[in-house]
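Quick note: numbers below take in every heavy atom, side chains included, and nothing from hydrogens, waters or symmetry partners.
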Amino acid sequence: ELLRQSATDTLFLTWEWQRAWWDAFGSNRSLRLLTIRGAGGNLSAIVPLFVQDTLLDPDASLPEINIENPSVLPRAEARRTVHWVGGSEVSDYLDLVALAESNRGACAAFLDYLAEREDWQILDLHSVPSVSPTISTVAELARARGWEVQRVREDVCPVLELPDTWDGYLAERLDKKKRHELRRKMRKAERETDVRWYWVEPYNLDVGLQVFFELHRASDPDKGSFMTKRMEGFFRGVSQAARDSEWLRLAIMRFDGHAVASHLCFDYGEDRLVYNSGFDVDTYGDLSPGIVLMGYLIEDAIKSRLRRFDFLQGGERYKYDLGATDTEVVRVFVRR
C-alpha cells in the first residue's frame with residue numbers, strides 16, 4: 001500500500017522483488033531494513049539497505065561497484081559500505097519507499113540513523129530515477145553534515161509512450177525510415193518462415209525459462225558470463241514471484257518451430273518492462289528475430305491498454321529505432 005503511494009512506485013521495490021534479490025545475493029551481507037513511522041505510529045517510509053565490506057579502487061574518484069558479480073581488482077581496499085537492497089546490476093530503479101510528502105523527512109531520518117553509527121564509511125545509492133526527490137534531498141542533507149557527495153547520471157532508461165493503436169504508433173512514434181525498417185523486418189520474417197510467438201503459460205514456467213536461458217547464453221559471450229548459476233537462481237526466483245503476482249510476461253518466438261527469441265518482461269501498473277532477452281543469432285540472425293519479437297510485444301502492449309513500454313537501463317540503438325526517448329537514473333555516492 002505504501003509503495004503504491006510513493007514517489008517511486010516500481011516493480012523493483014516490491015516485497016516480492018526485494019525478497020528474491022536478498023535470497024539470491026544477501027549471503028554474508030548485513031540487512032538494515034529501516035522503517036519510519038509518524039507520531040501516530042503510521043508507517044511513512046521503508047528504507048531497504050544492507051551493509052558490506054566493499055572492495056574499492058583507492059585511486060578512483062568514483063569507484064565502479066558490481067555487487068552481484070564483483071570484479072577482481074589488482075589494487076583494492078575494503079570500505080564498509082551501505083547499499084540499497086536490489087544491488088547494482090539487476091534492479092533498474094531503486095529508491096526508498098515513502099509517501100511523496102514524507103520523502104524529505106524519511107531521508108533526514110535515515111541519514112540521522114547512519115550518523116549515529118560508526119560501522120560504515122561509504123553510502124552508495126544506485127539507480128535512483130532522476131525525477132525522485134531522494135536525489136537532491138540526500139545530497140543536500142549529507143553535505144550539511146560535512147560528508148562528501150557525488151551525484152552523477154548513472155545510465156539512461158529509454159521509454160516509449162504508447163498511443164492508442166498500432167497504426168498510431170507507426171505514424172506518431174517512428175519516422176519514415178524507422179517505420180519502413182520495422183515493417184520490412186516483420187514482413188520478411190513472416191514471408192520466409194512460419195512465425196509464432198506466445199506468452200509462456202504460468203504452469204509451464206520452468207520449461208519456458210529453460211528456453212530463455214539457452215537463448216540468453218547463446219546470444220552473446222558477455223550474457224553467457226553474466227548468467228552464472230547464482231544469477232540463474234535469481235532469475236528463477238523473481239520470475240516465480242512475478243508469476244504468482246500476475247506481473248510476469250515471458251515471450252518466446254519460433255521460426256518454423258525453432259525457438260529464436262525470448263523476452264523476459266513484466267507488466268507493472270500501466271507499464272511493460274522489457275527486462276532481458278536472448279536470441280538465436282547463428283541460424284536466423286539475418287531475420288532480426290529480436291526486433292521482430294519486440295514489434296509484436298509493442299503491438300500487444302498497445303492492445304492491452306498499457307501506457308508505457310519501458311526498455312529499462314541501457315542506451316542501445318534499437319531502443320531509439322523503436323521510438324523510445326530517454327529517462328535517466330542517478331547514482332549518489334557519499335563519503336563520510
task = Return yes if some donor-acceptor pair links the side-chain N/O of Ser245 with the main-chain N/O of Ala242 below 3.5 Å, else return no.
result = no

message = Give me the atom names and distance for the closest heavy-atom approach of Glu172 to Pro163.
response = OE1-CB, 3.7 Å

inquiry  = Between Gln18 and Phe12 (side chain of the first, backbone of the second, donor and acceptor by atom type, cut-off under 3.5 Å), is there such a pair?
reply    = yes

query = Crowded around Arg217 CZ? As in, over 12 foreign heavy atoms under 6.0 Å?
reply = yes

inquiry  = Side chains of Tyr198 and Ile252, heavy atoms from C-beta outward: is any pair under 4.5 Å?
reply    = yes

query = Knowing that exactly one of Phe279, Phe309, Tyr296 qualifies, which makes a ring pair (Phe, Tyr, Trp, His ring centres under 6.0 Å) with His263?
reply = Phe279

key: Ion pair check, Arg183 and Glu181, cut-off under 4.0 Å   = no

ask   = For Gly278, does its backbone N or O pair with a side-chain atom of Ser219 as donor and acceptor, under 3.5 Å?
value = no

ask   = When rounded to the nearest 0.5 angstrom, what distance separates CG in Leu55 from CZ in Arg79?
value = 10.0 Å

key: Residues Trp120, Trp147; criterion ring-ring contact (aromatic ring centres under 6.0 Å, His included); working and verdict   = CA-CA 13 Å; Trp120 68 279; Trp147 301 341; 5.2 Å; yes

Where Val292 and Ala189 come nearest, the two heavy atoms and their spacing = CG2-CB, 4.1 Å

NZ/NE/NH1/NH2 to OD/OE distance under 4.0 Å, Arg4 and Glu1 = no

ask   = Are Tyr113 and Leu49 close enough that some pair of their side-chain heavy atoms sits under 4.5 Å apart?
value = no

inquiry  = If we count only N and O atoms by modelled type, under 3.5 Å, do the side chains of Thr134 and Asn103 hold a donor and an acceptor together?
reply    = yes

note = The reported gap from CD1 in Ile291 to CG in Asp321 (rounded to nearest 0.5 angstrom) is 7.0 Å

task = Would you confirm whether Asn66, through its side chain, and Asn69, through its main-chain N or O, come within 3.5 Å as a donor-acceptor pair?
result = yes

query = Are the side chains of Asp57 and Glu64 in touch, meaning some heavy atoms are under 4.5 Å apart?
reply = no

message = In this structure, is the centre-to-centre distance between the rings of Trp17 and Tyr93 below 6.0 Å?
response = no

query = For His83, which of Leu125, Leu123, Ile65 qualifies under side chain to side chain contact (heavy atoms under 4.5 Å, CB included)?
reply = Ile65

key: Side chain Thr35, main chain Ile46, donor-acceptor under 3.5 Å   = no

query = Does Tyr318 share a hydrophobic cluster with Leu160, counting links as ILVMFWY side-chain heavy atoms below 4.5 Å and allowing steps through other members?
reply = yes

query = With distance as the sole test, does Ser44 use its side chain to make a donor-acceptor pair with the main-chain N or O of Ser102 at under 3.5 Å?
reply = no

ask   = Okay, side chain of Ser239, backbone of Arg236: is any donor-acceptor separation there less than 3.5 Å?
value = no

remark   = Closest non-hydrogen atoms of Ala76 and Pro58, given as atom of the first, atom of the second and distance, are CA-CD, 4.2 Å

note = In short, Thr137 meets Cys107 closest at the heavy-atom pair CG2-CB, 3.6 Å

request  = Please check if Phe213 and Leu215 belong to a single hydrophobic cluster, counting links between Ile, Leu, Val, Met, Phe, Trp and Tyr side chain heavy atoms closer than 4.5 Å.
outcome  = yes

inquiry  = Which residue is it: Asp164, Asp271, Asp267? I am looking for the one with a salt bridge (Lys or Arg N to Asp or Glu O under 4.0 Å) to Arg307.
reply    = Asp164

inquiry  = For a quick check under 3.5 Å, do Ser6 and Asp9 share a side-chain donor-acceptor pair by atom type?
reply    = no

Gap between atom CD1 of Ile135 and atom CZ of Arg151 - 0.5 Å precision = 6.0 Å

Separation between CD of Gln52 and CD1 of Ile67, rounded to the nearest 0.5 Å = 6.0 Å

task = Check the pair Trp247 / Leu273 against side-chain contact (heavy atoms from CB on, under 4.5 Å), numbers first and verdict last.
result = CA-CA 10 Å; Trp247 299 323; Leu273 312 176; over 6 Å; no

query = Looking just at side-chain N and O atoms, do Asp95 and Ser132 make a donor-acceptor pair shorter than 3.5 Å?
reply = yes

inquiry  = Val334 and side chain to side chain contact (heavy atoms under 4.5 Å, CB included): which single residue from Leu114, Val149, Leu141 fits?
reply    = Val149

message = Count I, L, V, M, F, W, Y as connected when their side-chain heavy atoms are under 4.5 Å apart, and connections chain through other members. Are Leu287 and Val281 then in the same cluster?
response = no

request  = For the pair Lys185 (side chain) and His180 (backbone), establish whether a donor and an acceptor sit closer than 3.5 Å, ignoring hydrogens and angles.
outcome  = no

inquiry  = Less than 4.0 angstrom from a charged side-chain N to a carboxylate O is my criterion; do Arg331 and Asp124 meet it?
reply    = yes

ask   = Any side-chain heavy atom of Phe333 within less than 4.5 Å of one from Glu148?
value = no

remark   = dist Ile302:CD1 -> Leu170:CG (nearest 0.5 Å) comes out at 7.5 Å

ask   = Name the one of Phe311, Phe235, Tyr268, Phe212 that satisfies ring pair (Phe, Tyr, Trp, His ring centres under 6.0 Å) with Tyr275?
value = Phe235

ask   = Which pair of heavy atoms, one from Leu96 and one from Pro48, lies closest together, and at what distance?
value = CA-CD, 4.4 Å

ask   = Parallel, tilted or perpendicular: which fits the ring planes of Tyr169 and Trp166, with parallel below 30° and perpendicular above 60°?
value = tilted

message = Is there a continuous path of hydrophobic side-chain contacts, each under 4.5 Å between heavy atoms, that joins Val274 to Val211?
response = no

ask   = Side-chain contact, heavy-atom cut-off 4.5 Å: Leu3 with Trp15?
value = no

inquiry  = With clusters defined by side-chain heavy atoms of hydrophobic residues (ILVMFWY) lying less than 4.5 Å apart, directly or transitively, does Trp197 cluster with Ile298?
reply    = yes

inquiry  = Quick one about Gln150 and Arg335 (side-chain donor to acceptor, distance below 3.5 Å, no hydrogens or angles considered), yes or no?
reply    = yes

Salt bridge present between Arg272 and Asp310 (N-O < 4.0 angstrom) = no

ask   = Mind checking whether Glu140 and Arg104 have side chains closer than 4.5 Å, heavy atoms only?
value = yes

Test salt bridge (Lys or Arg N to Asp or Glu O under 4.0 Å) applied to Asp119 and Arg80, Arg336, Arg32, the passing residue = Arg32

key: Donor-acceptor pair between Gln313 and Ser127 side chains, under 3.5 angstrom   = yes

message = For Phe25, is there any backbone N or O sitting under 3.5 Å from a side-chain donor or acceptor partner on Ser27?
response = no

query = Is the number of heavy atoms from other residues, nucleotides or ligands under 6.0 Å of Asn28 CG greater than 12?
reply = no

Distance in Å, Arg243 CZ paired with Tyr203 OH, rounded so as to fall on 0.5 Å steps = 12.5 Å

query = Which heavy-atom pair separates Trp22 from Ser30 by the least distance, and what is that distance?
reply = CH2-C, 4.2 Å

inquiry  = Is there a side-chain contact between Val159 and Thr325 in this structure, where contact means two heavy atoms from C-beta onward sitting under 4.5 Å apart?
reply    = no

inquiry  = Using side-chain heavy atoms (C-beta onward) and a distance below 4.5 Å, is Glu68 in contact with Met231?
reply    = yes

request  = Using a strict 4.0 Å threshold on nitrogen-to-oxygen distance, state whether Arg179 and Asp175 make a salt bridge.
outcome  = no

ask   = Just checking, any donor-acceptor pair under 3.5 angstrom between side chains of Thr165 and Lys303?
value = no

